[in-house]
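Here's the structure, in structure tokens; my notes come after.
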Amino acid sequence: MTKKNKLLLIDGSSIAFRAFYAIPGSLDRFVNKNGLHTNALFSFHRMLENEMSKEEPTHVLVAFDAGKTTFRHEFYKEYKDGRSKTPGEFKEQMPYLRDLLVGFGIPHYELDNYEADDIIGTLATQVDPNEYDVVVVSGDRDLTQLAKENVRVDITIKGVSEIEENTPAYLMEKYGLTPNQIIDMKGLAGDSSDNIPGVTNIGEKTALKLLHEFGSVEGVYENIEDMKKSKRKENLINDKEQAFLSKRLATIDVEAPLEVTVDDLVYKGKDVGKLIEFYKEMDFKSFLSKLDTKAYDEENQIEKAEILFEVVTEVKPEMFGKEGALYVEMLSDNYHTADIVGVTWTNGEKIYMAEPDFILAEPLFAEWLKDESIVKHVFDAKRTVVAMKRYGNEVNGIQFDVLLASYILNTNDNSKDLSEVAMEHDYYEVDSDESVYGKGAKIAIPEDPAVLYQHLARKAKAIEVLSKHLKTDLEKSEQSDLFFSMELPLSMVLAKMEMTGVKVNANRLLEMKSEFATRLTEIEARIYEEAGETFNINSPKQLGVILFEKMGLPAIKKTKTGYSTAVDVLEQLREQAPIVDDILQYRQIAKIQSTYVEGLLKVVHNATGKVHTRYVQTLTQTGRLSSVDPNLQNIPIRLEEGRKIRQAFVPSHEGWKMFASDYSQIELRVLADISNDTHLKEAFLEGQDIHSSTAMRVFGIEKAEDVTGNMRRQAKAVNFGIVYGISDYGLSQNLGITRKEAQQFIDTYFDKYPGVKQYMEDIVREAKDKGYVETLFHRRRYLKDINSRNFNLRSFAERTAMNTPIQGSAADIIKVAMIEMDKRLKAENLKATMLLQVHDELIFEAPMEEIPILEKLVPEVMEHAVKLQVPLKVDSNYGDSWYDAK
DNA sequence: ATAATCACG
DNA sequence: ACGTACGTGATTATT
């Protein structure tokens, strides 16, 4: 006997609506780049995946309600009246639901005058029960009337993933009814959501009782005379007509004149191309990366065009051309330590593949890498250069970086996975690393080397193809200069800084470690004593219980999961119990101990005693760098206790010094330039103390010496607020004043600096028009929420629109300075080396005798990196450690 | 994997 | 009325 077919029938209209409300608060979180809401699509997708993999149907259909009126309106025009209007955020998603279904390869159908129920009922009833098992999925209980021996009706309970499987047996157990009697129940009890009236004062409970006794609506009325006199009997008699009408309304038409038959519903599998298109349109990045195209292709015997390559075991000159792609594979993120597991390159004609141990020792290959005049296209230039260098090979002539270009084109594209980046640019021939190597602890090279080689060959090919495309895209968005003159050269400068690394005095850290350990034990003991018990001080949850329940301190702020025990809360409780001070002390030291002392010791390289951070150049939305493994951009400085950590950062040679230069007020200077505000420019041109100057204007003070410390402090907060995209609330929190007072400050500020006000208005308007904002050097940030109807999202996007050109232009400026600095150090033949960048400062190490040179050269270069309408100002310091360079 | 906290510009 | 300052990364606890 052949296997039975399985027909899956989905009530599209009902499920879509359920999907829309499935995830609480999802409306705000699911919006694509064009501002389209996607929450219903997301949940519908999840339901489809669940059902398809659970049921593995041979036939499938999604049925929709057609239009507003149905045959039911012909005999009851109030049918479905009184429904509240469907939200626009829901409606806008419906057209795209069709695209999703096309991607899943699932047919959909709707029929004039009929509802989805009727389509489903007709198909479920008409198929031969010997040939088909049927599963119906809906959010509407009415459909349970369709349950039969071969028909199961799945009704969503909560969201769209939890379902109740209704079989005749289940219905009998739960209600004591046959599927047909579900219709009678609606006849008596009605259904308010469909505006089916039923009988007055009869609900589900009473209807069940009546049906258990009389079997059906007809049965009830046949026996109505025998009922004893009651209000209910009266209602039944009065509403008799209504009861039969309701039953008729609730009856699913199983003979709808369908134009489709079950033979049209054979499931043929996903259309991966369409699905990818859909995911991209909706910004469903996780689905996109999870889409295992390789496994899928194999299963469906779709063969991707095989990429041809040659495995090199003996190098020949013709393998190396004047231009080509180069790719070096490593399986972990940290390229300072990762093993190279494969090397591939192209010569314009062929793709070559080689085992690293062999090829990296070949002189011909080394020469090719080193030759500046040979053009190389890569994916992640910095990663490539650093790794190669570790294996003794110098790489020159990199003229394109696909990863970096993709990030410049859209800062939202910050994936590190080549296949994801490729898909973002409509190239689908590369499998994800996850599908080839696995993930987590199980990450490994495929057993069959051919699999690895094919994967790498695809990457090489992708680099060739994408380099061309992205180059054109950069021209179109006027970002070629940004890419070729700033980002790509900078990546080489950063590579050098990372490889140089920073010397760490591990002994100093070990001293601190034992000192802090002692102090922590002391404080810990005091805390336990004051609490009257021991507990985990590091657990905000346990700490919350001790403070706010056991000790009865007032809870000032709450987090999603319980009491907040953050610093600003504890500071307010200081006076009320001595334990609070101890906890703050403990926190401060524990943080330094775990993150900085122990954390840093963990990442010092044994051989050199240095740390080698990685600057992530393709991550931030503003153009800043970030630093990982270790993060050297957040080493403590504000509190003396933590600042001492900097004593452990020392020069790598005897007699050398640490030298640091930082921009003074670079963001406000950038603002002065781009806003063109007369007074702000004037303040900088005259070299005034900017916060005092702001204080004078905002508080209406005539003479600088009359500005009090408090005024300056408040003006400083206002200036920060301006840079961040000010809000009254934010400023009020920062200054501990009321929102009204904060708003007063802001109004006065804008009054005194009309150019700044104008800038803020213009930039937000521009962002709303174009959908993005730009920096001085055409770095772009797209703001998808800028026209959102959600106040919070829109406000956030507006503040971002104000802040990004400021923060981003400042980032541009220091990047220019770094490139120039690198050139100058080389040109002047200096031993001094650039080690670190911390957003607005550069840190070097240099022999003492070069310090006087640096004191002139570094500020000179940094201050003249760009020409603004106001001068840039740089302060420099040096000392025996980073701590002393203050 | 996520939330809370806290370090930096 | 809504309810948050902009940009990051590491550690710890907890699910």
Side-chain angles (χ1 to χ4, degrees), chain A residues 28 286 411 414 439-440 535-544 557-570 583-584 586-600 602-603 613-616 619-639 641-643 645-646 662-667 671 717-735 739 742 746 773 781 789-808 810-811 814 836-842:
Chain A
D28 297 344
S286 61
T411 49
N414 43 25
K439 65 168 177 177
F535 63 101
N536 186 345
I537 308 170
N538 289 316
S539 160
K541 197 174 158 195
Q542 294 180 35
L543 181 60
K557 211 165 67 174
K558 286 212 151 201
T559 66
K560 272 181 226 166
T561 50
Y563 309 108
S564 169
T565 65
V567 200
D568 56 323
V569 173
L570 297 188
I583 289 164
L584 285 166
Y586 179 91
R587 279 247 181 98
Q588 198 198 324
I589 295 169
K591 175 82 180 180
I592 301 170
Q593 182 77 314
S594 66
T595 305
Y596 298 103
V597 178
E598 291 168 353
L600 223 40
K602 261 186 252 170
V603 291
T613 186
R614 272 147 43 227
Y615 289 104
V616 186
L619 184 139
T620 71
Q621 296 302 303
T622 54
R624 278 187 175 183
L625 301 173
S626 88
S627 157
V628 292
D629 246 6
N631 180 356
L632 294 182
Q633 291 182 320
N634 72 346
I635 303 299
I637 189 166
R638 288 170 196 171
L639 301 172
E641 210 71 279
R643 190 175 195 156
I645 292 288
R646 294 180 175 228
D662 68 296
Y663 282 112
S664 154
Q665 305 297 347
I666 188 168
E667 292 188 336
L671 175 62
V718 173
N719 279 331
F720 266 93
I722 292 292
V723 168
Y724 290 156
I726 200 149
S727 76
D728 54 359
Y729 182 85
L731 183 63
S732 74
Q733 287 297 297
N734 194 290
L735 282 176
R739 265 174 58 178
I746 296 167
V773 289
R781 180 175 189 176
R789 287 163 295 282
N790 178 298
F791 177 89
N792 286 329
L793 291 177
R794 190 178 62 247
S795 303
F796 185 33
E798 287 170 359
R799 291 197 296 275
T800 311
M802 299 185 239
N803 169 266
T804 296
I806 302 173
Q807 192 185 116
I814 195 166
L836 297 169
Q837 187 252 42
V838 191
H839 310 306
D840 65 355
E841 67 177 317
L842 296 175

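Every value quoted in this text rests on a predicted model; they were computed, and no experiment measured them. So you know, we letter chains A, B, ... as the sequences are listed, proteins then strands, and number each from 1.
Side-chain atoms of A:Arg781 and A:Thr622, non-hydrogen and from C-beta on, do get closer than 4.5 Å to each other. Looking only at side-chain heavy atoms (C-beta outward), A:Tyr724 and A:Leu731 stay at 4.5 Å or farther from each other.
Within 4.0 Å of A:Ser795, counting heavy atoms only, lies no atom of the nucleic acid at all. Heavy atoms of A:Asp662 sit nowhere under 4.0 angstrom from any nucleic acid atom. A:Gly599 comes within contact range of the sugar-phosphate backbone alone, with a heavy-atom separation under 4.0 Å but no base atom that close. Contacts of A:Ala801 with the nucleic acid, taken as non-hydrogen atoms under 4.0 Å apart, are absent. Using a 4.0 Å heavy-atom criterion, one finds that A:Gln542 contacts the sugar-phosphate atoms exclusively.
With sequence neighbours excluded, the residues satisfying side-chain contact (heavy atoms from CB on, under 4.5 Å) with A:Asn734 are A:Ala717. Applying the side-chain contact (heavy atoms from CB on, under 4.5 Å) test to A:Tyr563 and every residue at least two apart in sequence or in another chain returns A:Phe548, A:Glu549, A:Ala555, A:Lys558. Partners of A:Thr595 by side-chain contact (heavy atoms from CB on, under 4.5 Å), not counting sequence neighbours, listed by chain and number: A:Lys591.
Mapping heavy-atom proximity under 4.0 Å, the span of DNA chain C touched by chain A runs 5' to 3' from C:dC2 to C:dT15.
Between the side chain of A:Ser627 and the backbone N or O of A:Leu632, at least one donor-acceptor pair lies under 3.5 Å. In this structure a side-chain-to-backbone donor-acceptor pair under 3.5 Å is present from A:Arg646 to A:Ile635.
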Only distances under 3.5 Å count here; give the side-chain donor-acceptor pairs of residues 535-543 of chain A to other protein atoms, sequence neighbours excluded, each with its distance to 0.1 Å.
unit_1	atom_1	unit_2	atom_2	d
A:Asn536	OD1	A:Asn538	N	2.8
A:Ser539	OG	A:Lys541	N	3.4
A:Ser539	OG	A:Gln542	N	3.1
A:Gln542	OE1	A:Asn536	N	2.8

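Each of A:Asp728 and A:Thr800 has a nearest nucleotide on DNA chain C; the 5'-most of these lies closest to A:Asp728.
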5' to 3', nucleotides 3-9 of chain B under a 4.0 Å protein heavy-atom cut-off (B base, S sugar-phosphate only, - none) gives SSSBBBB
